[in-house]
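Worksheet for the structure shown next.
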Amino acid sequence: MAPPRGLGQLLGILGLMLLALVPHLVAADCECGFIAHSPLTQKQAQEHPGPDQLLFTSMLESRFYDVQNISRDGTWKRQQYNVSARAGRGEYGKTFATKNVYSVPQTGAVKDPSQLGAGYSDSTNGGIALVVSSALTNDSVPTAELDSARSDMTFGTYRAGIKLTPVNGTCAAFFWYFNDTQEIDMEFLSREFDVAKQVFPVNLVIQSEASMQAGYDASKTGTFKVVNLAFDPTLDFHEYRFDFLQDRVRFYADSRLLAEMNGTSVPTSPGHLILQHWSNGNPLWSGGPPEEDATMTVGYVKAYFNSSDAKVQSSWDSGCQKALSKGSNDTVCEIPNVTAANSSTGGTFFNTSDPNDTEKNNAVRLGSTWATTASALLLMLVLTCL
Ligand SMILES: *[C@@H]1O[C@H](CO)[C@@H](O)[C@H](O)[C@H]1NC(C)=O
Ligand SMILES: *[C@@H]1O[C@H](CO)[C@@H](O)[C@H](O)[C@H]1NC(C)=O
Ligand SMILES: *[C@@H]1O[C@H](CO)[C@@H](O)[C@H](O)[C@H]1NC(C)=O
Ligand SMILES: *[C@@H]1O[C@H](CO)[C@@H](O)[C@H](O)[C@H]1NC(C)=O
Ligand SMILES: *[C@@H]1O[C@H](CO)[C@@H](O)[C@H](O)[C@H]1NC(C)=O
Ligand SMILES: *[C@@H]1O[C@H](CO)[C@@H](O)[C@H](O)[C@H]1NC(C)=O
Ligand SMILES: *[C@@H]1O[C@H](CO)[C@@H](O)[C@H](O)[C@H]1NC(C)=O
Ligand SMILES: *[C@@H]1O[C@H](CO)[C@@H](O)[C@H](O)[C@H]1NC(C)=O
Ligand SMILES: *[C@@H]1O[C@H](CO)[C@@H](O)[C@H](O)[C@H]1NC(C)=O
Ligand SMILES: *[C@@H]1O[C@H](CO)[C@@H](O)[C@H](O)[C@H]1NC(C)=O
Ligand SMILES: *[C@@H]1O[C@H](CO)[C@@H](O)[C@H](O)[C@H]1NC(C)=O
Ligand SMILES: *[C@@H]1O[C@H](CO)[C@@H](O)[C@H](O)[C@H]1NC(C)=O
């Protein structure tokens, strides 16, 4: 008589456990999207009026410090192409090669750090290294680029944890791109970094029709600003962020507003994200080429955005409706602000998979199922012993 009762109890407990698990899984799914805030001071909010809360329906989160081998990644694609000196308006050409983009897993995983470029230090938390080499081939500088595979990104908040190179003569860029006249850029020129004077500028640019007419010199337009960072960007990871909205773009570092740009230069098409590290010897921009190998390390990317893809939109809509009709809580996830304290890891990730990414969705669900099975087995063992 005793065993069946035990089994009944066990099944009851198991059922409760499963029930307890459901809201947790649902809560983590953010079915109705993500809320971003504009972390402005009161004074800034007066100068830049606009909505404080923004809703985005899709996301792309990559913890590069957890990635073992970027060459097998489907979310990001390493680039391979050449740009001649003339086409790049530089003294040298650029050779973008996949081998200049590689994974540096978290501490301990690097067997021979001397193989990595200068600027790499053992204290790094890992990430994707983008290397500009000092060893020119055919009058061309070996350079690095990593692009998001999806290109359906419209309005959104785009964020990357990056540690820059102290080696003089490169341009490191985190940008959103549709074409040469619809582009939002955060560019760092290492030749401008001056430790003695504590000067660490970031160049904020929107490339537009106006900048094309000015020969792609955005400094002749209203959408070019050089802002000094409040920290040395080569010592640690910091979060660089731009919010691309319908009528304006806001740039941030560690959740502090650097600049806002508005007007007709703001892009209107869907685009993709690019991480790039290059040099072509142009003394007016990248400078260089660098005298030693220079490494830019990207720890993570987080992007919360609206998709231009009708299928993605309708899948968001039905997923959200379904969650709401089930009475789920927390269908909207609030994106926390990253500060200097957590910019090396990026803090919170939602672990929600892209609704379009069924493979990943299944993996998340399967993982949870296994966890449930394992705890049930453990419980069974404990009960049996009792
Ligand atoms: C982010 O910062 C802004 C402004 O400081 C604040 O209003 C907002 O609540 C913060 N968001 C979170 C999730 O902490
Ligand atoms: C993103 O799309 C959702 C759903 O269509 C919409 O409610 C929201 O306002 C959009 N966000 C922005 C910033 O345009
Ligand atoms: C990464 O994967 C590619 C393709 O599978 C392989 O050729 C390469 O050796 C791997 N690199 C490392 C560092 O494991
Ligand atoms: C790019 O340039 C490199 C170095 O000169 C060369 O080895 C390679 O074949 C070129 N690739 C393409 C696609 O032209
Ligand atoms: C060297 O560069 C020139 C001009 O960019 C190109 O035409 C030529 O194919 C390159 N040679 C090699 C070996 O890559
Ligand atoms: C970029 O795309 C827009 C919209 O399609 C177009 O009007 C513009 O001419 C394009 N710019 C370039 C440089 O091709
Ligand atoms: C970087 O190198 C250029 C060219 O040699 C030089 O003009 C510039 O002052 C250097 N920058 C720093 C911060 O030393
Ligand atoms: C852009 O912002 C400035 C101040 O931030 C404001 O004076 C101007 O009216 C805005 N322009 C547009 C087109 O919204
Ligand atoms: C939803 O939130 C309310 C109020 O916080 C709480 O009472 C309720 O138990 C929650 N429901 C679920 C399914 O988590
Ligand atoms: C980063 O740390 C701050 C301060 O501890 C915290 O408020 C914030 O939520 C954290 N951000 C993330 C993304 O976890
Ligand atoms: C989120 O996913 C990562 C792997 O991408 C995993 O290491 C981590 O434990 C997951 N976190 C949660 C809370 O599920
Ligand atoms: C969604 O998945 C379909 C089928 O795999 C693919 O064709 C489409 O490009 C994907 N859309 C996005 C935005 O990733």
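We count ligands from 1, going down the list as the structure has it; atoms in each ligand are counted the same way. Just so it is clear, the structure is predicted and the values come from calculations on it, not from any experiment. Atoms considered below: every heavy atom in the structure, side chains included; atoms not considered: hydrogens, waters and symmetry mates.
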Ligand 4 and Thr137, any nitrogen or oxygen pair closer than 3.5 angstrom?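 Not met; the criterion fails.
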Identify, by atom number and element, the atoms of ligand 4 in contact range of Asn138, meaning under 4.0 Å from any of its heavy atoms.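 Within the 4.0 Å cut-off of Asn138, ligand 4 contributes 5 (O).
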Heavy-atom cut-off of under 4.0 Å around ligand 3: list whichever protein residues fall inside it, by chain and number.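 Its neighbours under 4.0 Å (heavy atoms only) are Asn69, Ser71, Arg72, given by chain and number.
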Are the side chain of Ser140 and the backbone N or O of Thr95 linked by a donor-acceptor pair below 3.5 Å?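 Yes; at least one donor-acceptor contact below 3.5 Å.
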Check whether any side-chain N or O of Ser190 sits under 3.5 Å from a backbone N or O of Val167 as a donor-acceptor pair, and report yes or no.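 Checked: pair present.
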Need the ligand 6 atom indices (1-based, order shown) with element for anything under 4.0 Å from a heavy-atom of [X].
| X | result |
| --- | --- |
| Gln182 | 2 (O), 3 (C), 4 (C) |
| Asn179 | 1 (C), 2 (O), 3 (C), 8 (C), 10 (C), 11 (N), 12 (C), 14 (O) |
| Glu209 | 8 (C), 9 (O) |

Considering only residues two or more places apart or on different chains, which pairs with a residue in residues 223-246 satisfy salt bridge (charged side-chain N to carboxylate O under 4.0 Å, His left out)?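 Residue pairs passing salt bridge (charged side-chain N to carboxylate O under 4.0 Å, His left out), neighbours aside: Arg241-Asp243.
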Got a sec, which residues hit side-chain hydrogen bond (donor to acceptor under 3.5 Å, both in side chains) with Glu145, two or more places apart in sequence or on another chain?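 If we apply the side-chain hydrogen bond (donor to acceptor under 3.5 Å, both in side chains) test to Glu145, skipping adjacent residues, the hits are Tyr81, Gln276.
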Check the side chains of Gln182 and Ser269 for a donor-acceptor pair under 3.5 angstrom, ignoring hydrogens and angles.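 The answer is yes; a qualifying pair exists.
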Report yes if some N/O of Thr181 lies less than 3.5 Å from some N/O of ligand 6; otherwise report no.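 N/O-N/O distance below 3.5 Å exists for this pair.
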Asp180 N/O to ligand 6 N/O under 3.5 Å: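 Asp180 vs ligand 6: no N/O contact under 3.5 Å.
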Test salt bridge (Lys or Arg N to Asp or Glu O under 4.0 Å) applied to Arg89 - qualifying residues, sequence neighbours left out: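 Residues passing salt bridge (Lys or Arg N to Asp or Glu O under 4.0 Å) with Arg89: none at all.
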Ion pair Glu260/Arg250, N-O distance below 4.0 Å: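 Salt bridge between Glu260 and Arg250, a charged N being under 4.0 Å from a carboxylate O: yes.
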So, Asp309 and Lys311, do they make that salt bridge, N to O below 4.0 Å?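 Here Asp309 does not pair with Lys311 in a salt bridge, since their nearest N and O are not under 4.0 Å apart.
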Anything under 30° is parallel, anything over 60° is perpendicular, the rest tilted; go ahead and classify Phe251 against Phe242.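 Phe251 and Phe242: tilted rings.
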